[in-house]
Amino acid sequence: MKVGYVALIGRPNAGKSTLINKLLGEKVAIISDKPQTTRTSILGIKTTEKGQIIFLDNPGIHKPLHGLNKRMMNFVFSSLETSDLVCLLIDTTLRFGHGDQFVLDSLKDLKIPVILLINKVDIIKKDKILPQIDKYNKLYPFKEIIPISALRGTNVDILEEKIFENLPEAEKMYSDDEVSIQSQKFLLSEIIREKVLHHVREELPFVTATFIDTIEDRPDAKDGRAGKFIQARIFVEKDNQRKIIIGRRGSLIKTIGTEARKEIEHILDAKVYLDLQVRVKDKWRDSANVLDLIENQ
Ligand code: GDP
Ligand code: MG
């Protein structure tokens, strides 16, 4: 069997969550067109007859700027050290910048094979792809360079094949049906955060964090069907942001709650009562307490 850890890295919005979802065929990572929606590394597992790939989905690599980004950097590099292979995902529609160079420089020291994935090739002209491959070939000794469309699934099968080729021989580490071992609370909190971001993307790009306080069994009073009572908190930095999320007479928080509840009901296959509270926590991004809360749930 081929078994190993694969770190998936790339700038925010490169398409990491989309690719993970396509590879695993299940919603394990939150997708948003706002950067930095993935803050905690998410472990997804792909098991086939060839073996087992354990994916580490990483927050985008940034130069450390404030508390959150320093921690994000630690996640990125701690997961790289335990990886057998790195998949570096780039967005073909963006220019190669300082940040990308910084990533390549960091990778050079690691001595782990790197596969470069040129993503979103569905939105560029075909004749633009080969010159890009040439350019990246000169920049770094990549093990492979694969143009892909994470969204459409183009070349994702080839990627899977190449990943297996580059993994060591080992015994499986997880049972065949384990797709993701992230906690259920984390998954649910990410669903709520995704709904918030979809509605307030312009006003508050990076200031929301969500946290599940309670999940309790509560059968439906009428028909006795399985039910869950879930309490969650949405953190923002300022009172005006709290007001935006709540909306006029609570209209927006109601919409967010309904959308999140429907999706959670689908996942848990139970009737859900969702109680959402919006809390102001000044500078939560630098607060180790809140970060611990989110990461350890
Ligand atoms: P992440 O921040 O790296 O996890 O990026 P996401 O997976 O959340 O994707 C960011 C945005 O890019 C979303 O709007 C995706 O739909 C879009 N996207 C991802 N992959 C592709 C692709 O192959 N083609 C196109 N056209 N869009 C993509
Ligand atoms: Mg993501």
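Both counts, for ligands and for their atoms, begin at 1 and track the order of listing. What you see is a predicted model, and the numbers here were worked out from it, not measured in a lab.
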Polar atom proximity, [X] to ligand 1 (N or O, under 3.5 Å):
X: A150; value: yes
X: L151; value: yes
X: R152; value: no

Worksheet entry | Criterion salt bridge (Lys or Arg N to Asp or Glu O under 4.0 Å) on E160 and K50, from CA distance to verdict | CA-CA 10 Å; E160 194 179 308; K50 280 191 192 157; over 6 Å; no
Discussion item. For N13 versus K120, what's the shortest heavy-atom pair and its separation?
Written reply: O-NZ, 2.8 Å
Practice prompt. With sequence neighbours excluded, give me every ring-ring contact (aromatic ring centres under 6.0 Å, His included) pair touching residues 106-138.
Written response: F96-Y136
Fill in: Closest to atom 11 (C) of ligand 1 among N13, D91, I20 (heavy-atom distance)
N13
Worksheet item: Should the proximity of I123 to ligand 1, defined as any heavy atom under 4.0 Å, be assigned to the side chain, the backbone, both, or neither?
Response: side chain
Practice prompt. Can you measure from CG (L252) to NZ (K243) and round to the nearest 0.5 angstrom?
Written response: 15.0 Å
Practice prompt. First locate atom OG1 of T154, then atom CD1 of I146, and finally report the distance between them rounded to the nearest 0.5 Å.
Written response: 12.5 Å
Item to complete: Check the surroundings of atom NZ in K262: do more than 12 heavy atoms from other residues, nucleotides or ligands lie under 6.0 Å from it?
Response: no
Worksheet item: Checking side-chain hydrogen bond (donor to acceptor under 3.5 Å, both in side chains) for the pair H198/E259: CA distance, chi angles, key distance, verdict?
Response: CA-CA 11 Å; H198 277 153; E259 287 178 8; 5.7 Å; no
Worksheet item: Touching ligand 1 at all, G10? Heavy atoms, strictly under 4.0 Å?
Response: no
At less than 4.0 angstrom from any non-hydrogen atom of [X], what atoms of ligand 1 do you find?
X: G15; answer: 1 (P), 3 (O), 5 (O), 6 (P), 7 (O), 9 (O), 19 (C)
X: D122; answer: 22 (C), 23 (O), 24 (N), 25 (C), 26 (N)
X: N119; answer: 20 (N), 21 (C), 22 (C), 23 (O)

